[in-house]
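Working notes for the structure below.
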Amino acid sequence: MQWRMQWRTSRECSRLLVAGVAVALTLCVPGPAGGLASASTRGAGTSGPPGARPVAGAPATARGLDPGAYPWRGDGRTWEADGHGYYVRSCASFAAWALRADGRPRHHSPDFLGDARAWRGATTVRTPRAGDIAQWDPGTGGAGRRGHVAYVAASEGGRVTLYEYNFRSPANGHRPLALNVRTVPAGNPSRYLRF
């Protein structure tokens with residue numbers, strides 16, 4: 001009995017190892033000049049023509065990030081790992097994906113940070129800008145016991161537009177595990193994190 005359990009466990013570990021190697025190889029796409037391609041040079045999460053520039057005078061927005069390109073949107077899977085330390089379609093999974101997919105340079109990794117309440121390691125800022133993460137402490141602003149994080153798509157006039165998953169609101173029909181886009185006063189989140 002114990003031998004069978006060890007064999008089964010080692011077989012499962014082998015599958016995980018193979019899956020991990022496959023993901024690593026997929027992420028290591030050669031880019032220009034022999035380096036690794038960023039999300040923006042591979043085309044992941046980008047929209048518009050290559051080399052597009054923001055319009056002068058327009059608010060700072062999440063240019064190049066299409067929240068509909070989130071790989072696990074509405075596919076029915078739950079309690080499945082996304083490969084970056086989160087369950088698919090959780091707020092943390094979506095926010096971490098958005099940071100990787102928006103094509104902006106980052107100084108810190110958003111991966112494997114734990115529940116939304118535990119996200120640390122990035123610079124905490126008072127004035128949000130597009131590309132930051134809005135973070136709510138547990139029980140504040142509609143967040144549950146694990147807190148909440150959302151991607152800041154735009155910031156203008158004391159209000160922020162957020163892209164988020166797993167936040168029930170009238171904007172998404174109070175559905176969990178779904179994309180939500182909403183605009184709130186900039187003081188609504190507990191803090192902003194800049195990666």
Side-chain angles (χ1 to χ4, degrees), residues 45 54 58-195:
T61 61
R63 60 199 155 147
L65 179 68
D66 174 11
Y70 178 58
W72 299 282
R73 67 189 179 285
D75 62 6
R77 293 182 286 181
T78 56
W79 307 117
E80 183 177 324
D82 69 359
H84 297 277
Y86 309 107
Y87 289 116
V88 299
R89 294 187 296 153
S90 68
C91 65
S93 172
F94 178 79
W97 167 83
L99 289 173
R100 290 188 307 274
D102 71 0
R104 296 172 186 267
R106 303 287 175 194
H107 300 287
H108 305 283
S109 172
D111 297 337
F112 301 96
L113 296 177
D115 288 335
R117 68 179 172 214
W119 279 36
R120 301 289 184 268
T123 304
T124 303
V125 295
R126 292 182 189 268
T127 306
R129 66 180 184 204
D132 287 345
I133 294 295
Q135 182 183 39
W136 286 262
D137 291 329
T140 61
R145 63 184 172 91
R146 291 187 175 104
H148 185 65
V149 288
Y151 181 84
V152 177
S155 176
E156 182 178 28
R159 299 184 63 78
V160 292
T161 300
L162 305 169
Y163 295 160
E164 60 193 341
Y165 256 72
N166 206 18
F167 188 85
R168 295 176 190 215
S169 80
N172 70 359
H174 296 283
R175 293 176 304 151
L177 306 173
L179 174 65
N180 189 35
V181 178
R182 64 182 171 134
T183 301
V184 300
N188 186 283
S190 303
R191 71 195 56 79
Y192 294 93
L193 304 174
R194 187 159 297 152
F195 285 82

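Bear in mind that the values here come from a model prediction, so they are computed numbers and not experimental data. Hydrogens, waters and symmetry mates are skipped; everything else that's a heavy atom, side chains included, is used.
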Supply the atom-to-atom distance H148 NE2 to I133 CD1, rounded to the nearest 0.5 angstrom. 10.0 Å
Is a side-chain N or O of N188 found less than 3.5 angstrom from the main chain of P185, in a donor-acceptor match? no
Option passing side-chain contact (heavy atoms from CB on, under 4.5 Å) with Y165 (candidates V88, N180, L179): L179
Testing the basics here: between S190 and T140, what is the closest heavy-atom pair and its distance to 0.1 Å? OG-OG1, 3.4 Å
Go through the steps to decide whether R120 and Q135 satisfy the test side-chain contact (heavy atoms from CB on, under 4.5 Å), and finish with yes or no. CA-CA 10 Å; R120 301 289 184 268; Q135 182 183 39; 3.4 Å; yes
Main chain of G68, side chain of Y163: is a donor-acceptor contact present, judged purely on distance under 3.5 Å? no
Check for a donor-acceptor pair, side chain of D115 on one end and backbone N or O of R117 on the other, with a separation under 3.5 Å. no
Evaluate the side-chain proximity of Y192 to T124: yes if any heavy-atom separation is below 4.5 Å, no if none is. no
Can you tell me how far apart OG (S93) and CD (E80) are? Round to the nearest 0.5 Å. 10.5 Å
What is the minimum heavy-atom distance between L65 and A101, and which atoms define it? CD1-CB, 4.0 Å
Heavy-atom closest pair, residues L162 and A150: CB-CB, 4.1 Å
For Y86 and G114 the tightest heavy-atom approach is CE2-O, 3.3 Å
Test item: P110 and R100 side chains (from C-beta on) under 4.5 Å apart, heavy atoms: yes
If you look at every heavy atom in P128 and V160, which pair is closest and at what distance? CG-CG1, 3.5 Å
Proximity of F195 and W119 rings by center, below 6.0 Å: yes
Could you measure the distance from the CG atom of L99 to the CG atom of D132? Nearest 0.5 Å is fine. 9.0 Å
Does the plane of the ring in F94 sit parallel, tilted or perpendicular to the ring in W97? Use 30° and 60° as the thresholds. tilted
Do R191 and L193 touch side chain to side chain, with heavy atoms closer than 4.5 Å? yes
Minimum heavy-atom distance between P189 and A186, given as atom pair plus value: CD-O, 3.5 Å
